[in-house]
Chemist: 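Handing you this structure, nothing more for now.
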Amino acid sequence: MTTSIDTVARTADAAARALADVPPAVRAKALVVFADALTKNAEELIALAMEETGLAEARLRGELKRTAVQLRLFADTILDGAYLDVRIDRADPEFALGPRPDVRSGNEPIGPVLNFAAGNFPFAFSVAGGDTASALAAGNPVIVKAHPGHPRLSRRTAEVGAAALAAAGLPAGTLQLIEGQDEGTAMLKHPLVKAASFTGSLRAGRLLADIAAARPAPIPFYGELGSVNPVFATPAAIAERGPEFAAGLAASVGGSAGQLCTKPGLVFLPADHGLDKEITAAVAAEEQRMLDPRIADGYLHRREAILSAAGVRLVAPGSVRIDEDGQGWVTPTIAAVPLADFRPHPDALLGECFGPLTILVESPEGTDYAELLDTLFEGELTVAVHRADGDDVTALVRTAARRAGRVLFDGWPTGVAVTPAMQHGGPWPATTSGGTSVGTAAIKRFVRAVAYQNAPAEALPPALRDDNPWRVPQAVAPAGESAAWGDRAI
């Protein structure tokens with residue numbers, strides 16, 4: 001890299017000051033232009049992604065489309081303006097606690113955001129992905145630390161994105177790219193960077209989170225660190241739709257060579273499920289390439305550790321092959337273990353296995369799934385519940401809501417919908433915060449509230465003015481309305 005870290009940071013800081021004054025309509029249009037540029041350059045970008053990651057063309061085409069849709073969704077979010085959370089309390093001499101000044105608050109951009117790109121989603125969680133889209137939508141410049149697994153794709157995507165944003169009227173430096181582990185760490189420590197995001201391993205995420213917290217001026221760090229994503233199936237659910245369950249499990253575990261943060265890693269089901277043949281038949285026999293040799297090596301060793309644990313048996317043996325270039329080629333592995341063997345030594349099997357492997361935990365009749373979830377798990381991205389009519393899963397669902405950001409029923413956690421209501425995040429260690437990295441609520445991570453008291457109109461941001469030139473929603477408390485606060489019946 002020829003441009004210094006300090007120069008990149010200062011360029012981003014200058015862009016942040018200029019972006020603060022850019023009207024919402026211009027920022028929204030810029031995101032649409034960015035999305036259009038990705039679509040226009042799809043053939044070139046997808047070819048690069050296939051070469052560098054080994055992911056299938058169909059998967060990458062869908063991911064690029066998702067990335068473009070996500071940018072357009074955030075454009076709509078900007079125009080809607082609700083994320084600004086504008087509140088206006090007009091001066092009130094009759095306020096219940098004494099004369100009240102005019103107080104107005106709203107969310108403002110946090111400043112330059114550093115985004116550590118992910119390797120397993122070269123579009124949706126990389127240079128143009130959700131963290132970049134949400135930070136740009138909030139009005140912040142973004143510095144992306146490229147993932148080493150797809151460097152040429154990262155550079156080309158950054159070129160396409162930066163040119164599109166500039167053509168749409170955003171300031172120079174709105175989107176920049178840096179490369180290298182040391183460069184990423186140095187940028188995380190730079191005082192002009194005001195927030196950071198990350199998608200990756202627990203180990204790397206914790207190291208970066210600690211750096212962000214140890215700065216002289218700590219900054220928010222939004223890390224998505226992976227998850228086991230436990231699945232719980234009742235006896236009635238298996239009896240009612242066992243073959244369908246087996247097929248869904250095989251597809252969810254094997255998709256994208258199991259390199260998904262929402263892959264189901266542990267599946268709790270009745271000990272007498274009788275699905276071995278159905279699962280084996282549903283597992284794909286065609287090899288898939290893993291993202292890179294480092295990922296393949298980690299999967300190989302984790303798989304060996306799991307299969308050598310006490311009580312584990314193979315249902316679908318799967319395979320791992322390392323070629324002459326060190327690339328890993330895999331087919332899905334499904335293992336099983338009795339709950340009686342799993343529970344005394346859960347640490348051997350509880351950690352995430354990044355690759356196409358899952359463990360069936362065969363549980364005797366009467367097993368309290370809610371108690372298992374409560375005692376064995378910390379924080380998860382997802383918990384899935386497979387049930388049948390008449391099953392009372394209330395306790396399990398209540399526990400799942402405490403342990404995960406998304407609770408889903410009769411389905412599989414892979415395939416995260418890009419919608420306003422989506423919550424892709426959970427308690428530690430699934431993420432370092434309760435925020436979401438998918439869906440329009442992700443924008444809230446990159447804004448901060450500022451209140452203005454008795455400010456002259458000309459000093460107020462446009463969103464807080466009475467003439468409301470940005471036409472955003474304003475929650476206004478007129479004078480006199482709050483005189484009786486505290487006297488209402490409870």
Chemist: Go through the side-chain N and O atoms of Ser227 and Glu380 and say whether any donor and acceptor fall under 3.5 Å apart.
Modeler: yes
Chemist: To the closest 0.5 Å, what do you measure between CG (Leu136) and CG (Leu71)?
Modeler: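 Rounded to the nearest 0.5 Å, the CG-CG separation comes to 8.0 Å.
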Chemist: Checking Asp392 against Thr394: is there a side-chain donor and acceptor pair closer than 3.5 Å?
Modeler: yes
Chemist: For the atom pair CZ (Phe34) and CZ (Arg72), what is the distance rounded to the nearest 0.5 Å?
Modeler: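 Phe34 atom CZ to Arg72 atom CZ measures 11.5 Å (nearest 0.5 Å).
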Chemist: Would you say Ser197 and Arg445 are linked by a side-chain donor-acceptor pair, where the criterion is simply a distance under 3.5 Å?
Modeler: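 Their side chains do not contain a donor-acceptor pair, so the 3.5 Å distance test is not met.
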Chemist: From Asp182 CG over to Glu179 CD, what is the distance, rounded to the nearest 0.5 angstrom?
Modeler: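 It is 13.5 Å, given to the nearest 0.5 Å.
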Chemist: Is it the case that the side chains of Asn115 and Thr132 hold a donor-acceptor pair, with the cut-off being a distance below 3.5 Å and no angle test?
Modeler: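 Looking only at side-chain atoms, Asn115 and Thr132 do form a donor-acceptor pair, the distance falling under 3.5 Å.
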Chemist: Do Ser4 and Thr7 get their side chains close enough for a donor-acceptor pair, meaning under 3.5 Å?
Modeler: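 Result is yes, a qualifying pair exists.
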Chemist: Using atom types as modelled and distance alone, determine if a side-chain donor or acceptor of Thr431 lies under 3.5 Å from a backbone N or O of Gly426.
Modeler: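 Yes; at least one donor-acceptor contact below 3.5 Å.
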Chemist: Closer than 4.0 angstrom, basic N to acidic O: yes or no for Arg66 and Glu63?
Modeler: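 Here Arg66 does not pair with Glu63 in a salt bridge, since their nearest N and O are not under 4.0 Å apart.
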Chemist: Does any N or O in the side chain of Lys189 come within less than 3.5 Å of the main-chain N or O of Ile211, such that one atom is a donor and the other an acceptor?
Modeler: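 Answer holds: no.
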Chemist: Dump the intermediate steps for salt bridge (charged side-chain N to carboxylate O under 4.0 Å, His left out) on Glu51 and Arg152, then the final yes or no.
Modeler: CA-CA 10 Å; Glu51 183 179 341; Arg152 289 182 295 133; 2.9 Å; yes
Chemist: Take His386 and Thr234 through the test side chain to side chain contact (heavy atoms under 4.5 Å, CB included) and record every step on the way to the result.
Modeler: CA-CA 6 Å; His386 287 256; Thr234 67; over 6 Å; no
Chemist: Without hydrogens or angle criteria, can the side chains of Thr262 and Asn229 be said to hold a donor-acceptor pair below 3.5 Å?
Modeler: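 Absent: no donor and acceptor within the cut-off.
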Chemist: Any side-chain heavy atom of Pro413 sitting closer than 4.5 Å to one from Ser252?
Modeler: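 SC-SC contact between Pro413 and Ser252 confirmed.
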Chemist: Out of curiosity, Phe116 CZ to Lys145 NZ, how far, rounded to the nearest 0.5 Å?
Modeler: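 Output value for this atom pair is 7.0 Å.
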Chemist: Does the side chain of Val144 reach to within under 4.5 Å of the side chain of Ser154, using non-hydrogen atoms?
Modeler: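 When only atoms from C-beta onward are counted, Ser154 and Val144 do not touch, as no gap falls below 4.5 Å.
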Chemist: Using a strict cut-off of less than 4.0 Å between a Lys/Arg side-chain nitrogen and an Asp/Glu carboxylate oxygen, indicate whether Lys29 and Asp36 qualify as a salt bridge.
Modeler: no
Chemist: Under 30°, 30 to 60°, or over 60°: which ring-plane class applies to His150 and His147, parallel, tilted or perpendicular?
Modeler: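 His150 vs His147 ring planes: parallel.
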Chemist: Within the 3.5 Å criterion, strictly below it, is a donor on Arg406 or Thr382 matched to an acceptor on the partner's side chain?
Modeler: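 Arg406 vs Thr382: no donor-acceptor pair found between side chains.
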Chemist: Can you measure from CG (Leu396) to OH (Tyr369) and round to the nearest 0.5 angstrom?
Modeler: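 Taking CG in Leu396 and OH in Tyr369, the distance rounds to 9.0 Å.
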Chemist: Output yes when a side-chain donor or acceptor of Asn140 lies under 3.5 Å from a complementary backbone atom of Gly111, and no otherwise.
Modeler: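 At least one qualifying donor-acceptor pair exists.
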Chemist: In plain terms, say whether Asp89 and Arg87 are close enough for a salt bridge, that is, a side-chain N and a carboxylate O under 4.0 Å apart.
Modeler: no
Chemist: Look at Arg206 together with Asp210 and state whether they make a salt bridge at an N to O cut-off of under 4.0 Å.
Modeler: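 A salt bridge links Arg206 with Asp210.
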Chemist: So, does Ser433 use its side chain to make a donor-acceptor pair with the main chain of Gly435 at under 3.5 Å?
Modeler: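 Pair found, side chain donor or acceptor close to backbone of Gly435.
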Chemist: Begin from the C-alpha positions of Asp85 and Lys444 and carry the test salt bridge (charged side-chain N to carboxylate O under 4.0 Å, His left out) through to its verdict.
Modeler: CA-CA 10 Å; Asp85 193 20; Lys444 296 178 182 178; over 6 Å; no
Chemist: Rounded to the nearest 0.5 Å, how far apart are CZ of Phe232 and CZ of Arg387?
Modeler: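 Result: 16.0 Å between the selected atoms.
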